[in-house]
Amino acid sequence: QVQLVESGGGLVQAGGSLRLSCAASGFTISNYNLAWFRQAPGQERQFVAAISWSGGRTRYADSVKGRFTISRDNAENSMYLQMNSLKPEDTAVYYCAAGQNPLLGTDPSRYKYWGQGTQVTASS
């Protein structure tokens, strides 16, 4: 059974840091590009960051550039998102996703597998 499970979310003060993890099972992530999306209440799901199957290419939303870092460990079948200098506007449910589109797309429909999400709250 294909599964993506996020962890590491929580409540942090603005300016703080969190590290999200995404553990995959039931498939091998080395064949997939991976991404993080987020969704705040009443808003559409928003692209955060993506990484190519080899880890050689990354892409970030302008709103998180310089603060967030995406990485992956294919041997561990896992992906990570290091989030620094968190702002209240980063508050959302964060989802990991896997897809085989050759481009590091920002469109959620390009990704085949999704996790259930983890809540991140940055308080002011």
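Given the structure is predicted, the values throughout are model-derived calculations rather than measurements. FYI, the numbering just counts along the sequence from 1. Side chains are part of it too, since the values below use all heavy atoms of this structure and drop only hydrogens, waters and symmetry mates.
In this structure, L86 and R67 approach most closely via the heavy-atom pair CA-NH1, 3.9 Å. When all heavy atoms of S52 and G56 are compared, the closest pair comes out as OG-N, 3.2 Å. Pairing each heavy atom of V12 with each of G16, the nearest pair is CG2-CA, 3.8 Å. When all heavy atoms are compared, the tightest approach of M79 to S71 is CG-O, 3.3 Å. Considering every non-hydrogen atom in both A49 and L81, the closest pair reads CB-CD1, 4.4 Å. The shortest heavy-atom contact between A14 and S124 is CB-CA, 4.3 Å.
Legend: residues meeting ring-ring contact (aromatic ring centres under 6.0 Å, His included) with W114, ordered by chain and number and at least two apart, are F37. Contacts of E76 classified as side chain to side chain donor-acceptor pair (under 3.5 Å), with partners at least two apart in sequence or in another chain: none. Considering only residues two or more places apart in sequence or on other chains, S7 meets the side chain to side chain donor-acceptor pair (under 3.5 Å) condition with none of them.
A donor-acceptor contact shorter than 3.5 Å links the side chain of T118 to the backbone of G9. R72 places no side-chain N or O within 3.5 Å of a backbone atom of S54 that could act as its donor or acceptor partner.
When the side chains of ILVMFWY residues are joined at heavy-atom separations under 4.5 Å, either directly or via intervening members, L4 and Y111 end up in two distinct hydrophobic clusters. The hydrophobic cluster containing V93 does not contain L11, counting ILVMFWY residues as joined when their side-chain heavy atoms lie under 4.5 angstrom apart, directly or transitively. In this structure, F47 is not a member of the same hydrophobic cluster as Y113, with clusters built from ILVMFWY side-chain heavy atoms closer than 4.5 Å.
Around atom CD of Q13, no more than 12 heavy atoms belonging to other residues, nucleotides or ligands sit under 6.0 Å away. Within a 6.0 Å radius of CD in Q116, no more than 12 heavy atoms belonging to other residues, nucleotides or ligands are found. Taking a 6.0 Å sphere around CZ of R110, one finds it holds 12 or fewer heavy atoms contributed by other residues, nucleotides or ligands.
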Evaluate the criterion side chain to side chain contact (heavy atoms under 4.5 Å, CB included) for residue pair L34 and C96; output intermediate values, then yes/no.
-> CA-CA 7 Å; L34 302 175; C96 62; over 6 Å; no
Trace of the side chain to side chain contact (heavy atoms under 4.5 Å, CB included) decision for M83 with D90 = CA-CA 10 Å; M83 305 186 295; D90 295 318; over 6 Å; no
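Sorted by first and then second residue, the ring pair (Phe, Tyr, Trp, His ring centres under 6.0 Å) pairs involving residues 68-106 (not counting sequence neighbours) form an empty list. Within the structure, salt bridge (Lys or Arg N to Asp or Glu O under 4.0 Å) contacts touching residues 42-59 (residues at least two apart or in different chains) do not occur.
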Could you give the side-chain donor-acceptor pairs of residues 17-33 under 3.5 Å, partners two or more places apart or in another chain?
from : atom 1 : to   : atom 2 : distance (Å)
S17  : OG     : N84  : OD1    : 2.9
N33  : OD1    : W53  : N      : 2.9
N33  : ND2    : N101 : O      : 2.6

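Side chains of T91 and E89: no donor on one and acceptor on the other come within 3.5 Å.
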